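First the structure, in the form of C-alpha cells, and then the observations on it.
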Amino acid sequence: MERYEPKTIEAKWQREWEREQAFVVPNPEPGDAPREHTYVLEMLPYPSGELHMGHVLNYTLGDVVAHLRRRRGFTVLRPIGYDAFGLPAENAAIKEGAHPRDVTNRNIAAIREQMKRMGWSIDWSRELSTAEPDYYHWTQWLFLKFFAENLAYRKEAPVNWCPNDQTVLANEQVIDGHCERCGAEVEVRNLEQWFFRITAYADRLLDDMELLESWPERVLTMQRNWIGRSEGAEVVFRIEELDVDIPVFTTRPDTLFGATFFVLAPEHPLVPRLAEGTPHEREVLEYVRHAAVRSSAQRVDPDEEKTGVCTGRFVTNPVNDHRLPVWVSDYVLMEYGTGAIMAVPAHDERDYAFAKRFELPIKTVVVPAEGEIEPDTVFVPHSENEKLVDSAQFSGLPSPEGKKAIVEWLESRAKGRPAVSYRLRDWLLSRQRYWGCPIPILYCDGCGLVPVPEEDLPVVLPEVDEYLPKGRSPLAAAEDWVKTTCPKCGGEARRETDTMDTFVDSSWYYLRYCDPQNDHAPFDRPMVDYWLPVNQYIGGIEHAILHLLYARFFTKVMYDLGIVGFREPFARLFNQGMLYYRGAKMSKSKGNVVSPDEMIERYGAEAVRLYVLFLGPAEQDKEWQDAGIEGMFRFLGRLWRLGLEVAERVDVSEEPGGELARKAHQTIAKVTDDIERRFQFNTPIAAVMELVNEIYGAKDDPEQAADVRFATETAVSLIHPYVPHIGEELWQRLGHEHLSAAPWPEADPAFLDRETFVLVVQVNGRVRGRVEVPAGLGEEELIARAKELPRVADHLDGKEVRKAIVVPGRLVNLVV
RNA sequence: GCCGAAGUGGCGGAACUGGUAGACGCGCUGGACUCAAAAUCCAGUGGGGCAUCGCCCCGUGCGGGUUCGAUUCCCGCCUUCGGCACCA
C-alpha cells in the first residue's frame, strides 16, 4: 500500500489552495446578498526571528476555528501581517551588523515561507507590514487625529530610561524596575516626551468590559488591577503660616479624625518652599537629593525600614483643626494621588510603621461593630461592619455612612470633595530609536509645535548610516531630513526625531486588514463596521495588559472620532498557554527551543499541528514531549491506511445504521460542541482517535461495510480542520471533492437515540452491576431489571429497598 | 498582603449541568508477522487482596460537611503557578 508521505501531500494541497485562492475573501460590494461572516484573528508576529512553537500553536488554533467556521457556512476573514517596527527587530539587526529593514524583510520572508509550509488557511491578499510607508502613513494620520483632540501631548516628565536599550519605556514595559525586553535596571530621567492620554479613558476601559462577549477572567482582572481605580475623597489640608492648601487623596475619609501627621513625597513641588527658613531646611533638601538617586526598586522594597524627615511645618486637619506635623518621606509616591497624604497610623500599615519608627502618636477612630481593639496597634478596616469613634459628631456612625457624611461635611465647607484616583499612567509613546514610525510633528521657532499637514504624509523614515542607540534619537543625525520648512509660516523648522513605540503600530492593524490597499484613508468605515468586532482573537497571555489595553483605547478614541462604529475591537479573546521544554519556558536564550522546521522535516506539518493542540488544554501552559509527536504521526499513518483501504473497496450501497454509525454521529456531536462551545481542541482529537480505533476493530467485517465507510468519512471530515492536507487528500480518494468547502457534518439525533443502553446498577451508591436494557422502559421496570441481577441480589442481601433513584438512560441506585 | 487559576496513574491529560474515575496519547509488558530489524497489528497496563477468568477493598492534595451518590457543590487548611503591591 502507498505509504503516508506528508511532504508530498502537503506540497500538493498547498499548491492547490494557492492556485484556487481558496482562502481569499473579498469585501462585500454594494448590492451583495448578505452573508454570514466572521473575523478570526491571531496576534501578528514580530519578525525578529523565525516562528517558534508558540506561534505554531497560536496560528494552528486560529486555523482550526477558521476551517470549522467556513465549513459551517460562514465567510471567514483571516488575515496576517507583521509587527515589523520596534526594538526586537532593531536589536536583531544590531547584533548582525545589518540594516533593520533588511533583517526585517528577510525575517518576514522566512516567516511567510514557514506559514505556507504549515498550510494555514490565510487570506494572503491582505498581508501587511507595519514598517511599510503605506501602513505607517496611517499610523501617523491617526497620531495627528489624537494630537488634534489633545489626546497626544508633549511634556517633561520623569520617565523610565533603559540604559541598555538607550530609550525610554512605557510604564507597562517596566517589570519590577527592570526593562521588559533586556532586563536592565531602569533609571528615572526627566525628559520631554510624547504621551497618549489613556488616563482620560480609564473609566471607559473599565466600564466597557461589559461589552466584551468572552474574555478570560484573568485578563480582565489584570487590566482592572492595572487601571487600579479607587474611589475616595480629595481633602484639603492648610498650612496657615504660608497660606498654602495641600490636597490629599484618601480612600478612607472616615479615618480623618485619626490623622496624626502629614507626609509629602520628596518630589512634591512644595517641599523646598516648606523647608525654606526652618531649622530643618538643610536636612530636608539633603533627604530629597538622596531620595532622587535611590532607584525605584530600592524605594519600594518592603523590607527596607521607612525613612523620612520632619519639615517643622504644620498643616491643619480640616475636620477638627488639629495641627499635624508635616514630614517628607519616600514611602509617599508623587505619581499616585496628589503626592501628599494624611497619615492615620491606627488604620494603615505603612503609616503605622512610620509612626513607630519616628514615635508619632497613634489614634484609633474606627473599631469593629462588636468588640474593642488594643490601643497603640494598627487595625485596617476591611468590612462594612465597623463604626466610627472619637470623631466628634460622626462618632457612632457605621464606616460607610461615616465616609459619606464626612465628605459631605467637607464639601459644604469647600474643604473636600468625592474623588477617584487611578494607578494607570498616560502612555509614553516616544522612543529614541531608529526603527520605528516617525512622529509627524515639526518644531518652528515662530509657531511652536506644528503637525505635519495631512497631504505631506507619510513622513518617511530616512536612511541613516548610524542607527545605533546613543541616548538621543538616531534620526537627529539625518540633518537634511530634520531641517524643513514650517507649513504655517514658511520659516525654518525641525522635525521631531523620536519614533513611536511599536505598540502604537499594533494598536490598529486589525482594522487595516479590512481595507489594506486603501490609499486615501486608514480604512473605509463601512468595511471595518462590517467585519469588526473581531469574533475570535487569539494570542499569548503576555499581551494581557499592554497590547490589549492599548488596542481597546485606540478603538474607543476612533469611536469618539466617528471613524469606527464600535467601542470594543475584540468580542472574544482566547489566550493560549506558554510552551515549556525540559522544565523551562521555551526560549532562544535558554537554548531549549524545539524548532518547528525540524519537526516539519521529520514528521510533516500536520503531525506538528495535531500535536501542539493535543498536548493539553490550549489555555494552559504545557510541556513539549518529544515522544508525543510520534503518536500523532502514527495516528495520521493509521488514518491514511484506513482511508486508502476503504477507498479501494467497491462502493457499498447499504445505508449505515449500526453501532459504528451511531458512534460516528456521537463523535460529530462531541467534536462540534467541544470546539465551538467549549473552545477545547485536545478532546476532539482524542474523540476522532477513539472513533478510528473502533473502525479498526470492525473494518474487516463485511456485515459492517456501510458503517465502516460512513465512519471513516466522518473521521476524515472531523479531523480536517486540524490536518487539512491529509483531509483533502483522503476525501478526494474517497471519491469526493473539496473538503475545505464541504459542509460540516451534522449529528443525526435519530442515531444518537439508541434502542438499548447499558443500565448501571448501584446499591447504596456503589456500582454493583450493568445490564443492557431497551430504551424507553419505565422506572418500575428499570428497577425490576436491576433487581434481577444476581450480584445485585447478593448485595441487597434480602434487605428491603427503601428508595430507588432512577436516572433515565443511565442508572438505577437502590438504597437499602 | 490582595486578586485569579490549578492540584487526578510512571508521564501529558479526560470525565459537559453531581451519576460506570483514568477517554486519547506517551511509556511499559506480553504476543503475532519477520532470518532479523524497522514498520504494522492484537492483548494488557491506578494500588492492594481473594483467588482464580469472576469478585472484594482502597483510590482524584489534606480534614470535615451536604447528598442515595462528590474529581464535580459547601466550609476550613496545605501546595504550586500567574497578576498586582509602601497605590494612601
Side-chain angles (χ1 to χ4, degrees), chain A residues 1 3 176 216-226 228-230 232 248-252 255 263 299-302 304 306 329-333 335-344 347-351 353-354 380 382 421-424 541 544-545 577-578 610-611 614-617 619-632 634-635 637-638 641 670 673-674 677-678 680 682-693 696-697 758-770 791 794-795 801-807 809-816:
Chain A
M1 188 188 283
R3 274 186 56 184
D176 288 335
E217 196 49 50
R218 60 175 166 163
V219 174
L220 296 177
T221 305
M222 280 190 227
Q223 293 207 354
R224 270 189 217 106
N225 285 345
W226 189 261
R229 181 189 153 102
S230 350
V248 304
F249 173 77
T250 177
T251 55
R252 305 293 313 201
T255 64
V263 191
R299 280 180 59 172
V300 302
D301 186 348
E304 298 256 322
K306 295 237 179 317
S329 172
D330 64 9
Y331 88 88
V332 175
L333 309 174
E335 314 89 77
Y336 186 76
T338 63
I341 62 154
M342 61 165 198
V344 185
H347 304 299
D348 183 279
E349 303 268 7
R350 297 150 299 172
D351 298 346
F354 194 85
V380 182
H382 53 267
S421 192
Y422 301 92
R423 208 194 77 104
L424 183 70
I541 186 70
I545 298 172
M578 306 249 195
L610 207 54
Y611 185 56
F614 183 75
L615 261 174
E619 72 279 8
Q620 283 174 27
D621 292 349
K622 293 170 287 283
E623 170 99 14
W624 176 280
Q625 315 231 336
D626 288 315
I629 191 167
E630 298 197 21
M632 297 305 110
R634 283 204 277 267
F635 165 71
R638 206 167 148 87
R641 288 188 298 276
K670 177 166 172 57
D673 190 58
D674 279 0
R677 188 175 65 79
R678 305 212 293 155
Q680 200 158 332
N682 52 341
T683 45
I685 299 170
V688 175
M689 286 179 167
E690 195 184 343
L691 178 61
V692 169
N693 288 346
Y696 253 70
V758 176
L759 182 72
V760 175
V761 182
Q762 299 178 338
V763 177
N764 289 338
R766 303 192 71 98
V767 178
R768 295 300 176 192
R770 297 177 184 89
R791 256 179 75 208
D794 287 352
H795 283 277
V801 174
R802 286 194 292 122
K803 193 171 159 190
I805 293 100
V806 180
V807 182
R810 216 181 268 268
L811 64 75
V812 168
N813 184 10
L814 305 171
V815 184
V816 295

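Every chain is numbered from 1, with letters handed out A, B, ... down the list of sequences. Computed from a predicted model, the values in this text were never measured in an experiment.
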Just call it for A:Leu615: base, sugar-phosphate, or nothing, with non-hydrogen atoms closer than 4.0 Å on any strand. sugar-phosphate
Of all residues at least two apart in sequence or in a different chain, which pass the ring pair (Phe, Tyr, Trp, His ring centres under 6.0 Å) check with A:Tyr611? A:Trp624
Any protein N or O atoms within reach of nucleotides 68-70 of chain B? Criterion: under 3.5 Å, listing atom names and distances.
residue : atom : partner  : partner atom : Å
B:C68   : OP1  : A:Lys803 : NZ           : 3.2
B:C68   : O2   : A:Asn813 : ND2          : 2.1

Could you write nucleotides 23-28 of chain B as a row of B, S and -, 5' to 3', where a protein heavy atom under 4.0 Å of any base atom gives B, of only sugar-phosphate atoms gives S, and otherwise -? BBSSS-
Output for pair (A:Phe635 CZ, A:Asn693 CG), nearest 0.5 Å, gives 8.5 Å
For B:C2, does either OP1 or OP2 sit under 4.0 Å from a side-chain N or O belonging to A:Arg224? no
Nearest-angstrom distance, C1' atom, B:G48 to B:G59: 10 Å
Residues at least two apart in sequence or cross-chain that pass side chain to side chain donor-acceptor pair (under 3.5 Å) with A:Asp673, listed by chain then number, are A:Arg677
How long is the line joining CE of A:Met222 and C1' of B:C3, in whole Å? 11 Å
Below 3.5 Å, can you tabulate the donor-acceptor pairs from side chains in residues 809-816 of chain A to any protein atom, sequence neighbours excluded?
residue  : atom : partner  : partner atom : Å
A:Asn813 : OD1  : A:Asn764 : N            : 3.4
A:Asn813 : OD1  : A:Gly765 : N            : 2.9

Syn or anti for B:G9, with syn set at within 90° of 0? syn
Could you grab the distance from atom CD of A:Gln680 to atom CD1 of A:Ile685, nearest 0.5 Å is fine? 11.0 Å
If only side-chain N and O atoms of A:Arg229 are considered, is one of them under 4.0 Å from the OP1 or OP2 phosphate oxygen of B:C87? no
If you find the nucleotide of RNA chain B closest to A:Met342 and the one closest to A:Gly616, which residue's nucleotide is nearer the 5' end? A:Gly616
A:Leu220 CG to B:G83 C1', straight-line distance once rounded to whole Å: 13 Å
How many angstroms lie between atom CG of A:Leu610 and atom CG of A:Asn682, to the nearest 0.5 angstrom? 11.0 Å
Which residues satisfy the side chain to side chain donor-acceptor pair (under 3.5 Å) test with A:Glu630, sequence neighbours excluded? A:Tyr603
Using side chain to side chain contact (heavy atoms under 4.5 Å, CB included) as the criterion, list what pairs up with A:Val767, not counting sequence neighbours. A:Val760, A:Gln762, A:Arg770
Value rounded to 0.5 Å, distance of CZ in A:Arg3 from CZ in A:Arg641: 10.0 Å
Gap between atoms CG and C1', on A:Asp673 and B:A14 respectively (whole Å): 15 Å
Please tell me which of the listed nucleotides, B:C16, B:U20, B:A88, lies nearest to the side chain of A:Arg678? B:C16
Once you apply a heavy-atom cut-off of 4.0 Å, does A:Arg768 come out as touching a base, just sugar-phosphate, or nothing? sugar-phosphate
Pairwise P distance, B:C73 and B:G7 [rounded to whole Å]: 11 Å
Indicate yes or no: at least one non-hydrogen side-chain atom of A:Ile341 is less than 4.5 angstrom from one of A:Tyr336. no
Quickly work out the A:Arg3 CZ to B:U40 P distance and round it to whole Å. 10 Å
So which nucleotide from B:C41, B:C86, B:G83 ends up closest to the side chain of A:Tyr696? B:C41
Can you tell me, in whole Å, how much space there is between the P of B:A39 and that of B:C26? 12 Å
Quick one: side chain to side chain donor-acceptor pair (under 3.5 Å) partners of A:Thr221, sequence neighbours excluded? none
No-H, no-angle donor-acceptor pair, A:Lys306 side chain to B:C86 base, under 3.5 Å: yes
Please name all residues satisfying salt bridge (charged side-chain N to carboxylate O under 4.0 Å, His left out) with A:Glu619, sequence neighbours left out, ordered by chain then number. none
Starting at the 5' end of RNA chain B, which residue's closest nucleotide do you reach first, A:Thr338 or A:Val767? A:Val767
Give the nucleotide from the list B:A88, B:A14, B:G19 with an atom nearest to the side chain of A:Thr251. B:A88
Across all chains, not counting sequence neighbours, the side chain to side chain donor-acceptor pair (under 3.5 Å) partners of A:Arg229 are A:Asp203, A:Glu231, A:Tyr422
Is any side-chain N or O of A:Ser421 closer than 4.0 Å to OP1 or OP2 of B:A88? no
P-based separation of B:C57 from B:A38 [nearest Å]: 44 Å
Nucleotide by nucleotide, 5' to 3', does protein get under 4.0 Å of the base (B), only the sugar-phosphate (S), or neither (-) in nucleotides 4-10 of chain B, counting heavy atoms? S------
Can you measure A:Arg810 atom CZ to B:G18 atom P for me and round it to whole angstrom units? 12 Å
What is the separation between atom CG on A:Asn225 and atom P on B:G83, rounded to the nearest whole Å? 12 Å
Please report the distance separating the C1' of B:G4 from the corresponding atom of B:G12, rounded so that it comes out in whole Å. 24 Å
Integer angstrom distance from the C1' of B:A37 to that of B:C33: 12 Å
Rounded to whole angstroms, how far apart are CD on A:Glu335 and C1' on B:C84? 16 Å
Are any of the side-chain heavy atoms of A:Val332 and A:Arg350 separated by less than 4.5 Å? no
Could you work out the separation of B:A51 and B:U34 based on their P atoms and round it to a whole Å? 42 Å
Atom CE of A:Met578 to atom C1' of B:G82: distance rounded to whole Å? 10 Å
Considering only heavy side-chain atoms of A:Ile545, the closest of B:A88, B:C84, B:A21 is B:C84
Any sub-3.5 Å donor-acceptor pair from A:Gln223's side-chain atoms to A:Ala544's backbone N or O? yes
A:Lys670 (side chain) donor-acceptor with A:Pro684 (main chain) under 3.5 angstrom: no
Run through RNA chain B and report every stem of 3 or more consecutive Watson-Crick or G-U pairs, distances under 3.5 Å, ordered by first number. B:1-7 with B:78-84, B:10-12 with B:24-26, B:27-32 with B:40-45, B:46-50 with B:54-58, B:61-65 with B:73-77
Could you go through the side-chain contact (heavy atoms from CB on, under 4.5 Å) check for A:Arg252 and A:Asp348 one step at a time? CA-CA 10 Å; A:Arg252 305 293 313 201; A:Asp348 183 279; over 6 Å; no
Same-atom distance (C1') from B:G46 to B:G13, integer angstrom: 15 Å
